[in-house]
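All remarks here apply to the structure that follows.
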Amino acid sequence: MHFCTAFFMSIKQIRNNLSEWHRTIDRKLPWKEDRNPYKIWVSEIILQQTRVAQGIPYYLAFLLKFPTLKHLAEANLEEVITQWEGLGYYSRARNLHKGANYIMETHNGVFPKEYEEILLIPGIGPYTAAAISSFAFDGMHAVVDGNVNRVLSRMFNIDEDLSKHIGKKKIKKLSQDLLEIAGNPASFNQAIMDFGATVCTPKPKCEICPMTKQCVAKKLERTLELPQKKTKPKLRKRWFHYLVYNQNGKSYIVKRVNKDIWKDLFEFPMQECSEIEWKKLEGVKLSQKLSHQHIHACFTEVKKMPIKYKTGQKVDWKNISSYSFPRLIRDYIGQR
DNA sequence: AATACGGGGAC
DNA sequence: GTCCCAGTATT
């Protein structure tokens, strides 16, 4: 059929141009040095929803601290969380630790090779399983991340909401077709992500793009409309009152244990309150913007801790920095 | 299908 | 300010 032939030609053209383009730029990054699945795993988890530049120092420090899967499995969760301090999405650190133990128990410490097995590791979803499978083992699994969504929705003018099943299926199919024609999964997956990260960016650089002839969105002047944006959840404002005990060189800190932000990190004893109450408080006021919440914090130093706040553990001020804190708390301690 | 989960960089 | 980043787990 004519349509199928044209489609196939377009796919081949895209593959050729993409691989030619990639040969000219290939970014050198620390996790590309070898095909050690453990290192690739760590890098992929760090890079979830995280920019390359932000992830690099964490990747280097993490591998210095936990050089092998066994080191990670045998570490305490506390140490792992500490390595993650400041990076955000702390469940990634929890799952990395849980995943290392899972691999020790289920696969005798040997990182599994098959996509379906990789997918069962805690914290690994379809993207990360495909990335590890292709980068470490040459598995024929196409990655679909934010870059791929953007590149392919534009190339093929995919209108669907990519957070929904239909849209996901379309992108997955295109990406898998391209990969199978390209034939080199590690290099193709790397190329399409690098392309999305540097050329087919949210505000695209079409003037330097080698594939404008194949890009349907460009032809229709729709590049800025694709991929379809999802409506963002509305911002939540929260008001925290911290009681900072300070007597004889001691303080109290408590670990956050609930299903909420900053789980497993420490903070001072805290009472969440209303905006009205918060504005009347005396103390050091700092705020922190998260993607979906604005946290307003007031830190009040006290010589006596009310009984109901006396939870957690008493610690020396001079050791306090060794605990893991959210950015906001760390900032307060730093400027105090 | 929708929501929660951090922090930061680019504009 | 806004967008969104090499996403996943839970509801």
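Keep in mind the model is a prediction, meaning the values are calculated, not measured. The sequence lines fix the lettering, A, B, ..., with proteins before strands; numbering per chain opens at 1.
- With salt bridges taken as basic N to acidic carboxylate O contacts below 4.0 Å, none links A:Lys237 and A:Glu275.
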Report task. Can you check each nucleotide of nucleotides 4-11 of chain B against protein heavy atoms at under 4.0 Å and return B for base, S for sugar-phosphate only, - for none, in 5' to 3' order? Result -> -BBBBB--
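- Contacts of residues 131-158 of chain A with DNA chain C (heavy atom under 4.0 Å): A:Asp145, A:Gly146, A:Asn147, A:Arg150.
- Salt-bridge annotation for A:Arg336 and A:Glu301: present, with a side-chain N of the basic residue lying under 4.0 Å from a carboxylate O of the acidic one.
- Note on A:Glu117 versus A:Lys113: no salt bridge recorded, every NZ/NE/NH1/NH2 to OD/OE distance being 4.0 Å or above.
- What separates NZ of A:Lys230 from C1' of B:dA1 is a distance of 12 Å, to the nearest Å.
- The CD1-C1' distance, from A:Ile46 to C:dC5, rounds to 15 Å in whole Å.
- Nucleic acid contact class of A:Trp31 (heavy atoms, under 4.0 Å, all strands): base.
- Remark: A:Thr128 is in phosphate contact with C:dT8, judged by side-chain N or O atoms under 4.0 Å from OP1 or OP2.
- Nearest heavy-atom pair across A:Leu178 and A:Ile14 is CD2-CG2, 4.0 Å.
- Atom P of nucleotide C:dA6 and atom CD1 of A:Ile56 are separated by 12 Å, given to the nearest angstrom.
- C:dC4 and B:dG6: their C1' atoms are spaced 13 Å apart (whole Å).
- Atom P of nucleotide C:dC5 and atom CG of A:Asp194 are separated by 15 Å, given to the nearest angstrom.
- Residue A:Leu235 is out of contact with every strand shown, counting any heavy-atom pair closer than 4.0 Å.
- In this structure, A:Glu160 places its CD atom 16 Å from C1' of B:dA1, rounding to the nearest Å.
- Across A:Trp21 and A:Pro210, no two heavy atoms sit closer than the pair CB-CG, 3.9 Å.
- The residue among A:Arg27 and A:Ile124 whose nearest nucleotide of DNA chain C lies closer to the 5′ end is A:Arg27.
- In this structure A:Lys164 satisfies the salt bridge (charged side-chain N to carboxylate O under 4.0 Å, His left out) test together with A:Asp161, sequence neighbours excluded.
- For C:dC5 and B:dC5, the C1' atoms lie 14 Å apart once the distance is rounded to whole Å.
- The separation of C:dT8 from B:dG9, taken at their P atoms, amounts to 23 Å, rounded to a whole angstrom.
- Dashed line: the shortest gap from a side-chain N or O of A:Lys164 to OP1 or OP2 of B:dA2 is under 4.0 Å.
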Could you list the donor-acceptor pairs under 3.5 angstrom formed by side chains in residues 263-270 of chain A, with sequence neighbours left out?
| from | atom 1 | to | atom 2 | distance (Å) |
| --- | --- | --- | --- | --- |
| A:Asp264 | OD2 | A:Arg94 | NH1 | 3.1 |
| A:Glu267 | OE1 | A:Tyr242 | OH | 2.7 |
| A:Glu267 | OE1 | A:Arg256 | NH1 | 3.1 |
| A:Glu267 | OE2 | A:Arg256 | NH1 | 3.1 |

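- Nucleotides B:dG8 and C:dA9 place their C1' atoms 23 Å apart, quoted to the nearest Å.
- Between A:Leu47 atom CG and C:dG7 atom C1' the separation is 11 Å, expressed in whole Å.
- For residues 196-220 of chain A, the pairs satisfying side-chain hydrogen bond (donor to acceptor under 3.5 Å, both in side chains) are A:Asn17-A:Gln214, with sequence neighbours left out.
- Side-chain nitrogen and oxygen atoms of A:Lys229 include at least one within less than 4.0 Å of the OP1 or OP2 phosphate oxygen of C:dC4.
- One interatomic measurement links the two molecules: CG of A:Leu96 to P of C:dG7, which rounds to 16 Å at whole-angstrom precision.
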Query raised in the report: Would A:Ser187 and A:His22 satisfy side chain to side chain donor-acceptor pair (under 3.5 Å), going step by step from the backbone distance to the final call?
Result: CA-CA 9 Å; A:Ser187 137; A:His22 196 235; 5.1 Å; no
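- Put simply, NZ on A:Lys98 is 15 Å from P on C:dT8, counting in whole angstrom units.
- In this view, A:Glu272 and A:Arg238 satisfy the salt bridge (charged side-chain N to carboxylate O under 4.0 Å, His left out) rule, not counting sequence neighbours.
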